[in-house]
Every structure is written in structure tokens, then in C-alpha cells.
Amino acid sequence: MPNVTSSLLQTDIMRHLTLTLGQTPDAASVTDWRMALSHAIRDRLLTPWLEAQARSRSEGRKRVYYLSMEFLIGRLLEDALINMGLHDEVREAMGALGQDLSAIIEDEPDAALGNGGLGRLAACFMESMATLGCPAFGYGIRYEFGLFRQSFDEGRQMEAPDDWLACGNPWDIARPMHRYAIPFMGKVSTKDGVSVWHPGETVYAVAHDTPVIGWQGKWANTLRLWAAEPATPFDLASFNQGEYANAASAKVLAHTLSRVLYPDDSTYQGKELRLKQEFFLTSAALQDILARAVAEGVDLRRLHDHVAIQMNDTHPAIAGPELIRLLMDEHGMPFADAITIAQGCLGYTNHTLLPEALERWATYTFGTVLPRHMQIVEQIDAWHQQQHPRRPHYVGIVKHHEVRMGELAFITSHKVNGVSALHTELVKQTLFPELHALHPDRIINQTNGVTPRRWLKMCNPPLAGLITETIGQGWEADLDRLQDLEPHIEERSFRTAFGAAKRANKVRLSNWLKETQGLQIDPDALFDVQVKRIHEYKRQLLNILETIARWKAIRDNPTAGWVPRVTIFGGKSAPGYAVAKEIIHLINDVAAVVNSDPVTGDLLKVVYPPNYNVSMAERLVPAADLSQQISTAGKEASGTGNMKFMMNGAPTIGTLDGANVEILQEVGPENFFLFGLTAEEVLTARADPDVSRKAIEASQALRDVLQMIAEGRFSPSDPSRYHALVNRVWHHDYFLVAPDFDSYIIAQGQADRAFSDRDRWLEMAARNTARSGFFSSDRTIRSYMTEIWGVSPAI
Ligand code: 26Q
């Protein structure tokens, strides 16, 4: 019997191909078909979406507003198909139209509107809020260019613009009527004791909406991204004088605000354009929130009963002063009331302890770009000091001619959260000890999570199928049910099926690597994967040093019964981060030497496919055997990749850092390869300036590896290429690569032995999946809803 949905879909797709895209089937490209299909799917999202908005309004529900400079959402078509339950019907419909759905899905460019973990977390949260029926808006910037595209030129990272909107974006609904004026610069005057800001520049923020559909389409929220437009498209005077190019220069200036995502997630540089972007997002969001509240008849003095605003790190921390400004200057509220309401609405999530990543703005820059906010920030600081006379003199928002955004966010929020248990303790003890003493209930933990719809159901059909076969349906929205797998792990047939699912993913990855990298790899080797931004604290260097040690050990004794291994790297460096770029170069140089060595052959391959992004993660995560989470303890706030690998049946080799601590707690030490110094031990180790030299002198293996690099074994055309790098390991090893090296080698050996006992390995892998329920972002969002937002689900 022909499938009704499938034939309806065919009609809709054909209609969009003809009437929306103006294309005929015989001339249509895969992109045309993708656009037609996406429109047909979007049509089906709109009704549940509009209904959810209408219900939030009519039921007067409190809404969550998630403010983030980054939303790393990746592709949307397959996600929509999975959540709407239309995957099979659409495959059939496309087949009937002579098209291959997989090719169409692959044609979609990633929406790479983020750098890494923080941006991807925002995307997982949006999906979980929609799944749970938590009424919410995500607010961000519609960057014309997302995170740069990475390529390698003789092993060096090259960056190219990410022109993701070039072929249009079928998910984007422009709302030209929803626009707000965003003021900048200028000066502040006082009239009758009231401050009046006379901005020097004004730009418009125009809304673009993307529907975010939850699991089974029961609820949908909005991701509202702001595009910058000039307040006046032309300078008419110049235009009339025939100076056409000059006449449009305001337009160019305005557009730069939403032109490009800053590609740096590690070092903060006080760039004026970045501050303008942050204010652009925040002011547009707050004006929109207040407009909606006023339209719905909310008494602004009760705003916190209707509105919860979450700040994703300090990037939107200007929200405190901006909300206070709007309440005071536009709605005539006294400061004392405005600050109380702001605090009632605002929450702040911290994602980093690294001092070099904390946002601080020179008061000169801040006061120039946002003169009215500079006044309000000083007022907030004075108010807080007055409320807490015992606040130490060195604590405060404005110190040493800088505005500290962490302190600002802390003081203007009712809750501050860390993103893993360990990280939250460190936020209390090292980042805000004095403020924590004054406000002992403000800092709470909210361990991160990831959406199991994208990161298990969608990216791993073989394993998702096995899970449903074994424990039935419903686990997708109730991930704790994965523990029902546990009794089955004892059954040989289940373990065999689990192994077969993993192997299918590994074969798929091998084929892709063959096609894209021209690399032949053995799908039965141990696939060892480290994918994340390249950063010294994440220690990709430790991984490649171990790989070199392994290569040497295999060459020294090729018949010692080695477990074949494929070491896979993925990730981008900030364009200006020279040390990270050197590590990338070294990995590529090592790969070139190792992969062409006939002695080691299939026993060791090093793979580094360029341009790691969300869709590459969706290929790599399901195919991984071993998950590398090897940061210097105390440095990784949480990690979320670690959770994705665990869910997909890859045990972790890792340090006691971030959420690794909680992963270890869930799976038990027998299912985790633990190594390295603890966060506490790191502090003591650093106190000894010779700690790394001593570690190197004590480790023959590490000495040999450093020697090989220094001799130019991997850079024969430029033997001194890595002298500085080697010198850093010896003398400036801030991230303690050397002291953790031997312990890492031992853990890697344990992983080899465990892997060569296939039964033992399958049990470990399956235990990881079965115990990953805690790491669903549904659990995280439920907790934010009760502990921070005070919002109840609408479904
Ligand atoms: C700041 C100022 C100017 C320009 C850029 C930035 C900037 C941008 C992005 C600073 C930091 C980021 C991103 C940080 C990030 O991704 N942190 C990660 O957040 C994850 C989600 O909580 C955690 O799992 C990771 O541990 C953490 O590194």
C-alpha cells in the first residue's frame, strides 16, 4: 500500500520546487531539491510552532530568554525529520522522486554560529527546552559569516570565510517589522536630575526567526537572531550630489556589527567591535522582551514573575545595566526598584576559570561606546558596596580602570552557576571567593548535558535501533531508561549486536576517510578520538607525544602483538593563537611520517580531517572506541564531547577534570581509563619550577620523543621547526604535559589490553551507554527550570 504521508510529501516538495524555487525537476540540483524538501518540512513545523506561541500567550506563561553570542546548531533538516518522526516517509518520498535523502542531508551547510562547547550547549538547550515544553526564546546574532572554514596547507591551518548563507537559508523567517534602534556612543546630559543619553550612532536590529521543534513535535520555541541594518540606508545629501558610494557607507558600517563571529574562545582582547556586538544582541533582546511584556499587559514591577533571562557566560552581561537603563530611563522606575527587578530576572552561567578568557573592558572603551551604561555600572557597584559594608576594598565591578564583566554578571543576577560539580566548586573557591562569602546561596551547580535526539538517535542509527529493539521505545525523552540495558549486557547476543553496531559506524567512517582523505584505514583497529578546539590546556600535545612514543615502540619491536590503532584528531585553533597552530602543524607532520611508514603499517595511523564541525562530530562520535578527555585538571569547565562519546559507547581515557569526574562516578573506575594529577595536585606541582624538567629526566620514553622532534624527524625540510615547542615542554610547561606523560602512557596501555579482550571491551562500551542517562540536557534543563528560572512545562 502506498504511504499516504509519502505521497503528500511528494506533492508538497514538487510544489515548492516549482512555485517557491522556480525550478523544473529535470534541471534541479541537489541544493534545489534540498530547498524544496526543507520548505515542505518547514510548512509542517509552522502549525505546532504558532500553536505553542499562542498557548504561551493565552496562558500567560513565564518564559525563558536564553541570551548567547553563540548558537552552534549545525544542520537542521535531519534534526527536524527526526523530531517530527518523518524520516522514513521522507526517504520514501525522495526515493520516489529519484533523489537520495542522504545526499540531500549532506548538502546542507552547517550553521556554525559558535566556536565550540558554549555555543553547542546553547543549541542542545534550545532542543531540550522545546522537548520539555519550556516556553523559551533563544536570542543571538545572525552572523553573515560563521566560524571560519579550516584547511591545511602543508600541515598549517588556513582560514577561509564561512559563507553559509550563500545559497539562502530555508529555516530563516525574516521579521522586518520586529526591529529596534540600538544606540551607541555620544554623550549623556542631565535634565531635571534625570540622565538623557544622546547617542552618536544608531543601528537597527532586525529579527530573523528559526523554529526549534522538540521531540515528537509537541512543542516548538523560537531562535531569534538579530541582523544589523543601517538606521538610514542612504545619506541623501551625498546621494543627491552624485557621491553614490559614499552615500551608502553608513550601511557598510552598520552591517559590520553582524558580519562575523569572533573566532576566539580562549583569549579575550578588548576590541570595540566585540563590545558593540555584545550590546547589539543584548539591547535588541531586552527591548523585545519588554515590548512583549508590555503588549501582554505585564506590570513591569512584577517582570521577574513573567521573565527569566539567562546569560550564557559574561558575553551578554551588559544585560544588567541595559535592563536597568530601560526600566529607569524609558519607564521612569527608580534605580533601587530597577536593580531588584533585574536581579529577579537574571541568571549567569560561568564557563571558564582561565584568567586570560575573563572579559574586562577598559573604562575608556566602555565609557566611550556606552556612556550611559558606564554611569549605571558605577551606580550598581556603589549600591552593592553600600548593601555590603564588609565587602573588601579590592572587590568590585570597576577596578584599575576596568569593568569586570564576571563581577557585574554576578552582582546583577539572582543565581550564578557552574557547569560541572568540580567547576562549580572552583568558581566558589577561586573565581568569586569574596562574593560567594557575601552571597552563599547564589552560586549553584548545573552539570551540562547534551541532547540524545541529535547525539544518539540521529547520529547513530545502528545503536539507536538496537536500543529500541532491546528496551522498547521512549528512551529518547527519558534517557535514564538506558539503564534497562544493563541486564542485557550479560547476554552474549546483545554484546555481539552492540559490537556490530559500532563496527557499522566504523566502516562508514573508514569509507568517508577513504573518499575525503584518500586514507586506507582498518575498521577493526582501535579508533581513538580527540575532537575539540585546539588549546594548550586541552593537551592535544600530550596525545601526539604519546602517539610518537607508540610509533617508536612499534618500530623498535614490530612483532610484540600491538593493538592496531587509528588516532583521530579534529579541531580548529583561534587564528591568532600561535602555540595552538604549532601543535596543529606538528600533528600533521607526524601524520605524514607515520602514515607512510611500512614498518608500522596498519598498526598505527594518524588522521586529522580538516574543518571539524558539528556534522563531522556526528560522524566521528558514533565510530569512536576511545574518548580522549585529557585536559590539565582544573582547567576544563565541563566538556560536553565527553558526554556524547559516553552515550555512543566509547569509554573515556581522561583526567579528573570537569564532568569527567561525574562520568567516572556513573560508569565506575572499571569502565574508565583514569590518569594524571588531580586539580589539587596540579597546584602543588606548579609550585615547583623544575617539575617538568624532573619528569622528563625520569622518563626515557618522553626524552626519546622530545629528542626525535628536536632532531627534525617530523620536519626534515626544516629541522629546527619545533625547537621552541620542545623548549616549552622542558622549561615552560604550564599545562603539565611532562608530569602527566608516564601516567598517560600507562592508561593507554590499559586501554590496549582491554580492547584486545573483545568481550571485556564490549561490556565496557555498553556500560558507558547504559549509564549515560544523567548526561541528557533534558535533565539539565529540568534543573534550570526549577532551580533558576521558576518556569513550569507547558506540556
Ligand atoms: C570572549 C570575549 C571576546 C571574544 C570571544 C570570547 C569568548 C568566546 C567563546 C570566550 C569564550 C568562548 C567559549 C567558551 C567555551 O566554549 N567554553 C566551554 O563551555 C562548555 C559548555 O559549558 C564547557 O563544556 C567547556 O568546558 C568550556 O571550555
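From a predicted model like this one, the values you see are computed outputs, not experimental measurements. Indexing begins at 1, ligand by ligand and atom by atom, following the structure's order.
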For [X] and ligand 1, answer yes if some heavy atom of the residue is under 4.0 Å from a ligand atom, otherwise no.
X	value
H315	yes
G658	no
Y537	yes
M69	no

Pull out every atom of ligand 1 sitting under 4.0 Å from any heavy atom of G117, numbered as shown with elements.
->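 Answer for ligand 1: 16 (O), 19 (O), 20 (C), 21 (C).
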
Centroid-centroid distance, F279 to H373, less than 6.0 Å =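 So the answer is yes for these two rings.
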
Are F184 and F280 an aromatic pair by the rule of ring centers under 6.0 Å?
->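 For F184 and F280, the ring centres are not under 6.0 Å apart.
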
Just to confirm my output: which protein heavy-atom neighbour is closest to [atom], and how far is it?
atom	result
atom 2 (C) of ligand 1	E359 OE2, 3.6 Å
atom 16 (O) of ligand 1	L118 N, 2.9 Å
atom 9 (C) of ligand 1	E70 OE2, 3.3 Å
atom 23 (C) of ligand 1	G639 N, 3.7 Å
atom 13 (C) of ligand 1	D265 CB, 3.6 Å

E636, E356, R274, H351: member with heavy atom nearest to atom 22 (O) of ligand 1 |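 Shortest heavy-atom distance from atom 22 (O) of ligand 1: H351.
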
Determine, considering heavy atoms only, which of D264, L121, L275 sits nearest to atom 7 (C) of ligand 1.
->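 Residue with the shortest heavy-atom distance to the ligand atom: D264.
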
Does ligand 1 have a heavy atom under 4.0 Å from the side chain of N448, from its backbone, from both, or from neither?
->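 The part of N448 near ligand 1 is the side chain, not the backbone.
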
Is there a nitrogen or oxygen of A637 sitting under 3.5 Å from a nitrogen or oxygen of ligand 1?
->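 Yes, there is a polar N/O contact under 3.5 Å.
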
Do Q628 and Y744 meet the criterion of a side-chain donor-acceptor pair at a distance under 3.5 Å?
->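 Q628 vs Y744: donor-acceptor pair found between side chains.
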
Verify whether one side chain among T640 and N642 offers a donor that lies under 3.5 Å from an acceptor in the other.
->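 The criterion, which ignores hydrogens and geometry beyond distance, is not satisfied for N642 and T640.
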
Hey, are K644 and E618 close enough for a salt bridge, meaning a charged N less than 4.0 Å from a carboxylate O?
->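 Answer for the salt bridge query: no.
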
Any Lys/Arg nitrogen of R453 or D778 sitting under 4.0 Å from an Asp/Glu carboxylate oxygen of the other?
->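 Result for this pair is yes, salt bridge flagged.
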
Angle class for the Y139/F137 ring planes (parallel below 30°, perpendicular above 60°, tilted otherwise)?
->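 Y139 and F137: parallel rings.
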
Would you call the rings of W789 and Y66 parallel, tilted or perpendicular, where under 30° means parallel and over 60° means perpendicular?
->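 W789 vs Y66 ring planes: perpendicular.
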
Hey, does the side chain of R442 reach the backbone of K415 with a donor-acceptor pair shorter than 3.5 angstrom?
->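 Absent.
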
